[in-house]
Amino acid sequence: MIRYTKTTILAVALLFVAAACEEPVQEIFDGVTPEELANSTEPALIDVLKASAYQRIIGTWGGHNSLWSMHEVASDEMAIAHKGADWEDGGQWLRMHRHQYNANEQSVNNAWAYCYTAIGDVNLLIQQNPNVTALVAELRILRALVYLWLIDAYGNVPIVLETDTDPTPPTRTRADVFTFIENSVLDNISELSTDNTKTTLNQWSARAILAKLYLNAEVYTGSARWADAETQIDLIINGGVFSLENNFFSNFVTNNENSSENILTLPYDENNAGGFNIAQMTGHYQTQATFDLQDSPWNGYASLEEFYNAYEATDARRNSFLAGPQFALDGSPLTDDNAEPADPDGPGLNFTPEINELAPNSLRQAGVRVAKFEYRVGATPNLSNDFPIFRYGDILLMKAEVMHRQGNSAGALTYVNQIRSRAGIADLAMLTDDILLAERGREMFAEGYRRSDLIRFGKYNDAWWEKDASNPSVNIFPIPQIQRDANPDLQQNPGYN
């Protein structure tokens with residue numbers, strides 16, 4: 001895991017696209033002057049440079065009210081129900097769930113600012129160190145990863161390079177951004193290491209970027225690229241570097257640095273790289289006693305009943321949820337003395353799959369909670385679990401999908417059944433689009449891909465619990481209004497005001 005010591009000042013100016021109201025962040029590195037950093041070829045100094053870029057990428061990905069939250073709450077995996085006095089939040093999460101989000105949503109702007117702040121950091125480092133070939137190559141691919149998140153969420157976005165000086169960069173088409181991402185990776189991948197570094201980019205994680213890009217090419221550009229996706233996937237599989245963990249949850253424990261399955265992770269750390277606070281986001285207030293958490297959770301995110309019930313009873317991955325009666329660390333039953341009189345479970349804390357309503361009076365205990373990541377006993381609000389951005393289990397399911405879409409469903413079953421076997425459930429005898437999407441859901445729950453998967457499989461606009469059928473215009477989020485106010489050259493996405 002990356003660790004940071006900071007004593008001597010190096011001021012890193014941040015490039016904000018239409019978000020210049022914040023103060024620049026100062027990164028302070030031990031014993032390194034700006035002169036030593038500039039154009040350095042020393043490996044240790046290059047690592048210092050990279051660390052500042054990756055630290056920004058870690059950012060708020062795993063926290064509330066940004067990109068991950070949007071992907072999850074807009075999908076059929078989770079909801080943040082309005083519980084009387086709690087979680088009304090101006091109706092933002094109700095609109096996100098119902099696909100009624102607008103350009104003024106706080107989360108939509110937060111995610112945009114998160115991505116472009118990271119791009120600004122990367123661009124500044126490239127600009128300051130143009131002759132450090134390997135570093136520049138890695139940073140350009142890191143920037144491409146952020147643009148992959150942007151093209152998926154917003155579709156049409158500005159492309160900002162280290163050489164650009166335009167303070168109001170114009171919107172570029174989704175197809176243009178697709179080509180930029182593709183070329184950024186292809187032009188620089190040979191400079192990357194083949195080492196299994198996990199928390200920094202290498203050739204394997206760069207190929208995973210391409211695989212994800214090509215997997216969604218039809219959504220992004222209108223033209224499918226299944227064979228190109230399969231080429232990148234096969235290079236990862238045939239490289240022999242990664243393998244499925246015997247225990248599915250080994251990928252999500254607190255000390256998961258040595259997972260044989262995780263390809264690229266965000267190395268969260270409670271002391272040095274905070275921001276991953278899923279235990280706070282999903283736990284009931286009394287869940288603090290279950291894990292002796294240092295702070296009380298917020299009682300927010302819960303899984304939808306239909307999604308939870310899609311797991312077979314014997315599926316090991318069903319333990320990705322806190323469900324049923326809840327207990328303190330010492331085994332004593334937990335109670336919620338403020339449970340609503342209408343709660344059929346009474347004060348005894350019991351997470352039921354059914355959520356009585358989305359708003360305005362969702363029961364405090366309603367909904368099973370996210371437990372895919374280990375909650376260390378005594379954990380702070382900032383967890384130390386590394387968050388997998390790319391994982392070998394996902395790569396195998398991507399392999400199955402591209403084979404299935406190219407007419408080889410029988411071959412695809414081999415890969416799907418590897419995943420099911422690890423979960424302790426029977427092999428499938430046939431494969432359809434719906435079966436494959438459901439299997440992806442069970443495997444990839446809470447990892448930030450469900451919204452993209454639903455769109456690719458043509459299901460995102462379907463009706464589900466407390467959500468009517470939605471218009472395809474919502475398949476990309478609006479360009480935040482605050483950004484358009486600052487940059488008149490940003491064009492709003494179709495379907496939004």
Side-chain angles (χ1 to χ4, degrees), residues 59-75 77-97 105-108 110-111 114 252 254 268 270 274-304 308 320-323 326-329 334-340 343 345 347 349-353 355-385 387 445-446 448 466:
T60 58
W61 169 268
H64 171 60
N65 203 16
S66 190
L67 196 56
W68 182 90
S69 299
M70 290 160 53
H71 286 314
E72 292 296 338
V73 177
S75 81
E77 285 191 346
M78 298 186 206
I80 304 176
H82 177 193
K83 305 172 181 70
D86 295 336
W87 286 106
E88 192 275 332
D89 282 19
Q92 173 180 207
W93 302 113
L94 308 183
R95 292 189 294 272
M96 191 66 63
H97 178 80
E105 307 293 5
Q106 188 179 60
S107 59
V108 171
N110 288 347
Y114 159 65
F252 312 104
T254 301
Y268 285 101
E270 63 181 271
F276 184 34
N277 49 25
I278 184 63
Q280 305 304 117
M281 293 154 64
T282 191
H284 182 276
Y285 314 109
Q286 295 302 318
T287 302
Q288 181 175 15
T290 301
F291 300 99
D292 193 26
L293 300 174
Q294 294 187 23
D295 284 5
S296 174
W298 310 330
N299 200 28
Y301 297 68
S303 178
L304 303 191
Y308 172 72
S320 296
F321 306 87
L322 289 176
Q326 299 297 297
F327 302 89
L329 193 60
L334 289 173
T335 59
D336 179 0
D337 293 336
N338 293 311
E340 299 87 348
D343 190 332
D345 297 312
L349 187 59
N350 184 21
F351 295 148
T352 56
I355 304 175
N356 61 304
E357 64 183 35
L358 184 64
N361 293 306
S362 177
L363 298 175
R364 289 160 57 100
Q365 302 183 30
V368 297
R369 310 307 170 91
V370 183
K372 187 171 188 174
F373 293 87
E374 179 188 23
Y375 301 151
R376 179 182 63 80
V377 171
T380 72
N382 293 297
L383 301 180
S384 293
N385 318 54
F387 192 104
F445 169 68
E466 291 271 12

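Below, each value reflects all heavy atoms present in this structure, side chains not excepted, and no hydrogens, waters or symmetry copies. In this chain, residues are counted from 1 in sequence order.
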remark   = Ala111 meets the side chain to side chain contact (heavy atoms under 4.5 Å, CB included) criterion, sequence neighbours left out, with Ser66, Leu67, Met70, Tyr154
message = For the CG atom of Asn277 and the CG atom of Leu383, what is their distance to the nearest 0.5 Å?
response = 7.5 Å
ask   = Nearest heavy-atom pair of Glu270 and Ser384: which atoms, and what distance?
value = N-OG, 3.0 Å
task = From the options Glu77, Gln280, Arg369, Met281, select the one residue that forms a side chain to side chain contact (heavy atoms under 4.5 Å, CB included) with Tyr301.
result = Met281
ask   = Heavy-atom distance under 4.5 Å between the side chains of Ile278 and Trp68, does that happen here?
value = yes
task = Give me the ring orientation class for Trp93 and His64: parallel if the planes are under 30° apart, tilted from 30 to 60°, perpendicular past 60°.
result = tilted
query = Run the side-chain contact (heavy atoms from CB on, under 4.5 Å) check on Thr287 and Leu322 step by step: do they pass?
reply = CA-CA 10 Å; Thr287 302; Leu322 289 176; 4.3 Å; yes
inquiry  = Which residues pass the side-chain hydrogen bond (donor to acceptor under 3.5 Å, both in side chains) test with Ser75, not counting sequence neighbours?
reply    = none
key: side-chain hydrogen bond (donor to acceptor under 3.5 Å, both in side chains) partners for Asn382, two or more places apart   = none
query = Listed by chain and number, what are the side chain to side chain contact (heavy atoms under 4.5 Å, CB included) partners of Tyr285, not counting sequence neighbours?
reply = Asp86, Ser296, Asn299, Arg364
request  = Name all residues meeting the side chain to side chain contact (heavy atoms under 4.5 Å, CB included) criterion together with Ala366; count only those two or more places apart in sequence or in a different chain, and write none if there are none.
outcome  = Ile355, Asn356, Ser362, Leu363
task = Determine the minimum heavy-atom distance between Gly59 and Tyr114, stating which atoms define it.
result = CA-CE1, 4.0 Å
query = Taking atom CG of Asn350 and atom CD of Gln326, what is their separation to the nearest 0.5 Å?
reply = 7.5 Å
task = Supply the atom-to-atom distance Gln288 CD to Asp295 CG, rounded to the nearest 0.5 angstrom.
result = 7.0 Å
task = Examine distances only and state if a side-chain atom of Tyr308 and a backbone atom of Ala323 form a donor-acceptor pair shorter than 3.5 Å.
result = no
ask   = Going by the angle between their ring planes, with limits at 30° and 60°, are Trp298 and Trp87 parallel, tilted or perpendicular?
value = tilted
key: Test side chain to side chain contact (heavy atoms under 4.5 Å, CB included) applied to Gln92 - qualifying residues, sequence neighbours left out   = Asn65, Arg95, Glu105, Gln106, Ser107
message = If only side-chain N and O atoms count, and only distance matters, is there a donor-acceptor pair under 3.5 Å linking Glu374 with Thr254?
response = yes
key: Rounded distance (nearest 0.5 Å) linking atom CD of Glu72 with atom CD1 of Ile80   = 10.5 Å
request  = Mind checking the NE2-CD spacing from His82 to Glu357? Nearest 0.5 Å is all I need.
outcome  = 9.5 Å
request  = Calculate, to the nearest 0.5 Å, the distance between atoms CG and CG belonging to Leu329 and Leu293 respectively.
outcome  = 9.5 Å
ask   = For Ala328 and Leu334, which heavy atoms make the closest approach, and how far apart are they?
value = N-CG, 3.5 Å
query = How about Phe321 and Phe351: are their ring centres within less than 6.0 Å of each other?
reply = no
query = Should Tyr375 and Thr282 count as side-chain neighbours, where that means a heavy-atom distance under 4.5 Å?
reply = yes
query = Looking at Arg376 and Thr380, what are the two nearest heavy atoms and their distance?
reply = NH2-N, 4.0 Å
remark   = Nearest heavy-atom contact between Asp336 and His284 is OD2-NE2, 2.9 Å
remark   = Of all heavy-atom pairs linking Val370 and Ala446, the shortest is CG1-CB, 4.1 Å
inquiry  = Would you say that Leu349 contacts Gln365 through its side chain, given a criterion of any heavy-atom pair below 4.5 Å between the two side chains?
reply    = yes
